[in-house]
Protein chains: 2
Amino acid sequence: MESSSAIDRLSALAQPGRLAVFRLLVRADPEGIPAGEIAAALGLAPNTLSSQLAILVQAGLLSSAREGRVIRYAVRPDALSELIVYLMEDCCGGRPEICQPVQEAAARAACCPPSRTRACRPLSA
Amino acid sequence: MESSSAIDRLSALAQPGRLAVFRLLVRADPEGIPAGEIAAALGLAPNTLSSQLAILVQAGLLSSAREGRVIRYAVRPDALSELIVYLMEDCCGGRPEICQPVQEAAARAACCPPSRTRACRPLSA
DNA sequence: CCTGTATTTCGACAATCGTTGAAATATGGA
DNA sequence: TCCATATTTCAACGATTGTCGAAATACAGG
């Protein structure tokens, strides 16, 4: 993941309305929600929401698909993990005190251990 | 982690200079780097850097400690993992397709499996 | 106490951001 | 075709942000 793209994604999420939209859509993954329902759920004006959605799509965090008269928005499943991996990129390879809590939280949250715990190897390998 | 604090941290990282500072300090964890050296390493004006550092500290991402004439900045190790856990919060508990890649990346990056893979339980438990 | 170094604070400025109202576009149905 | 609904686009605005120069503060050493 490029640095510019990380900035775009962080900045897209760094706004109350957009973060609320993103979290709503994460909860609605993978079906997604039409724009109008998002606006109703969060109490946002349709045109305001539209620009926020455009920013999230531009950042690669959401996908959109027209379905008849509505446009349904959904999270791009890889987007968040790409961003997180980018943020973790520098702290590892011999310095696990930052990443290990994340790993454990991810294990706890994902609610299933990884298919197979892989051998210890540095990031550069 | 509160939503406002997540916004503060995302917004603190969503700026090229500050993201560069943070990543530099992650690499320098846990010793940290004096403000002047950060400015030199990244080519930033001292007063500009000072305001960026203040924003990162205010967001809880960095700590600062005076050492004689210099002020040394270092990452707060929990800050990033708290933010990441917050971002993952909604997607789990039955919906692991987003968190599992993060979990695997964290395992790869932390370069050591967790001390003990814990039993599968939902986030709400 | 005085000087030099390190860092922050202040005030100003251009640039960017988020919201709003009005108008435009796209779609489905009568 | 005409109409109603859903969503976007546009222009404008106040608010916030990032950077700069200059001045202020904090500290160590002589």
Side-chain angles (χ1 to χ4, degrees), chain A residues 3-25 28 31-76, chain B residues 3-25 28 31-76:
Chain A
S3 165
S4 65
S5 153
I7 294 282
D8 289 344
R9 291 187 186 178
L10 288 167
S11 144
L13 294 175
Q15 202 272 337
R18 290 193 297 264
L19 184 57
V21 168
F22 185 75
R23 287 166 66 84
L24 180 65
L25 288 175
E31 305 85 18
I33 307 181
E37 285 183 36
I38 300 175
L42 300 178
L44 298 173
N47 53 356
T48 299
L49 175 67
S50 183
S51 18
Q52 317 274 38
L53 287 171
I55 290 171
L56 288 162
V57 169
Q58 165 68 30
L61 289 165
L62 301 185
S63 62
S64 69
R66 181 175 280 277
E67 285 181 9
R69 239 181 305 202
V70 309
I71 300 184
R72 180 177 297 267
Y73 286 85
V75 294
R76 294 204 330 140
Chain B
S3 166
S4 65
S5 153
I7 295 282
D8 288 344
R9 292 187 186 177
L10 288 166
S11 145
L13 294 175
Q15 202 272 338
R18 289 194 297 263
L19 184 58
V21 168
F22 185 76
R23 288 166 65 84
L24 180 65
L25 287 175
E31 305 85 17
I33 307 181
E37 284 183 37
I38 300 175
L42 301 177
L44 299 173
N47 54 354
T48 299
L49 175 68
S50 183
S51 18
Q52 316 275 37
L53 287 172
I55 291 171
L56 288 163
V57 169
Q58 165 68 30
L61 290 164
L62 300 185
S63 62
S64 70
R66 182 175 280 275
E67 286 182 7
R69 238 180 308 200
V70 309
I71 300 184
R72 179 177 298 267
Y73 286 86
V75 294
R76 293 206 330 141

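None of the values given here were measured: they were computed from a predicted structure. In what follows, chains carry the letters A, B, and so on, assigned in the order in which the sequence lines appear, proteins first and then strands, with residues in each chain numbered from 1.
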Interatomic distance where [atom1] belongs to [X] and [atom2] belongs to [N] [whole Å]:
{"X": "B:R18", "N": "D:dT16", "atom1": "CZ", "atom2": "C1'", "answer": "12 Å"}
{"X": "A:L49", "N": "D:dA6", "atom1": "CG", "atom2": "P", "answer": "14 Å"}
{"X": "A:I38", "N": "D:dT7", "atom1": "CD1", "atom2": "P", "answer": "9 Å"}

- Message: Near DNA chain C, counting only heavy atoms under 4.0 Å, which residues of residues 50-72 of chain B show up?
- Response: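 Output list: B:S50, B:R69, B:V70, B:I71.
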[atom1] of [X] to [atom2] of [Y]: how many Å apart, nearest 0.5 Å?
{"X": "A:L53", "Y": "A:I38", "atom1": "CG", "atom2": "CD1", "value": "5.0 Å"}
{"X": "A:L42", "Y": "A:R23", "atom1": "CG", "atom2": "CZ", "value": "11.5 Å"}
{"X": "A:S11", "Y": "B:L19", "atom1": "OG", "atom2": "CG", "value": "11.5 Å"}
{"X": "B:L25", "Y": "B:L62", "atom1": "CG", "atom2": "CG", "value": "5.5 Å"}
{"X": "B:R9", "Y": "B:F22", "atom1": "CZ", "atom2": "CZ", "value": "9.0 Å"}

- Along DNA chain C, 5' to 3', what are the outermost nucleotides having an atom less than 4.0 Å from a heavy atom of chain A?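 Reading along DNA chain C, I get C:dG18 to C:dG28.
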What is the minimum heavy-atom distance between [X] and [Y], and which atoms define it?
{"X": "B:A39", "Y": "B:L49", "result": "N-CD2, 3.5 Å"}
{"X": "A:G32", "Y": "A:A74", "result": "CA-CB, 3.8 Å"}
{"X": "A:A12", "Y": "A:I55", "result": "CB-CG2, 4.1 Å"}

- Message: Do B:L56 and B:L13 make a side-chain contact, defined as non-hydrogen atoms from C-beta onward lying under 4.5 Å apart?
- Response: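 When only atoms from C-beta onward are counted, B:L13 and B:L56 do touch, with a gap below 4.5 Å.
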- Item | A:Y73 vs D:dT8: side-chain N/O to OP1/OP2 distance below 4.0 Å |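 Yes, because at least one side-chain N or O of A:Y73 sits under 4.0 Å from OP1 or OP2 of D:dT8.
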- Message: Test your reading of the model: is there a side-chain donor-acceptor pair from B:R76 to the backbone of B:V57, 3.5 Å cut-off?
- Response: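 Checking the backbone N and O of B:V57 against the side chain of B:R76, no donor-acceptor pair under 3.5 Å is found.
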- Using five pairs at either end of the helix from C:dC1-D:dG30 to C:dA30-D:dT1, determine the angle between the two local helix axes and round it to 10 degrees.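 For the helix from C:dC1-D:dG30 to C:dA30-D:dT1, the axes at opposite ends meet at about 20°.
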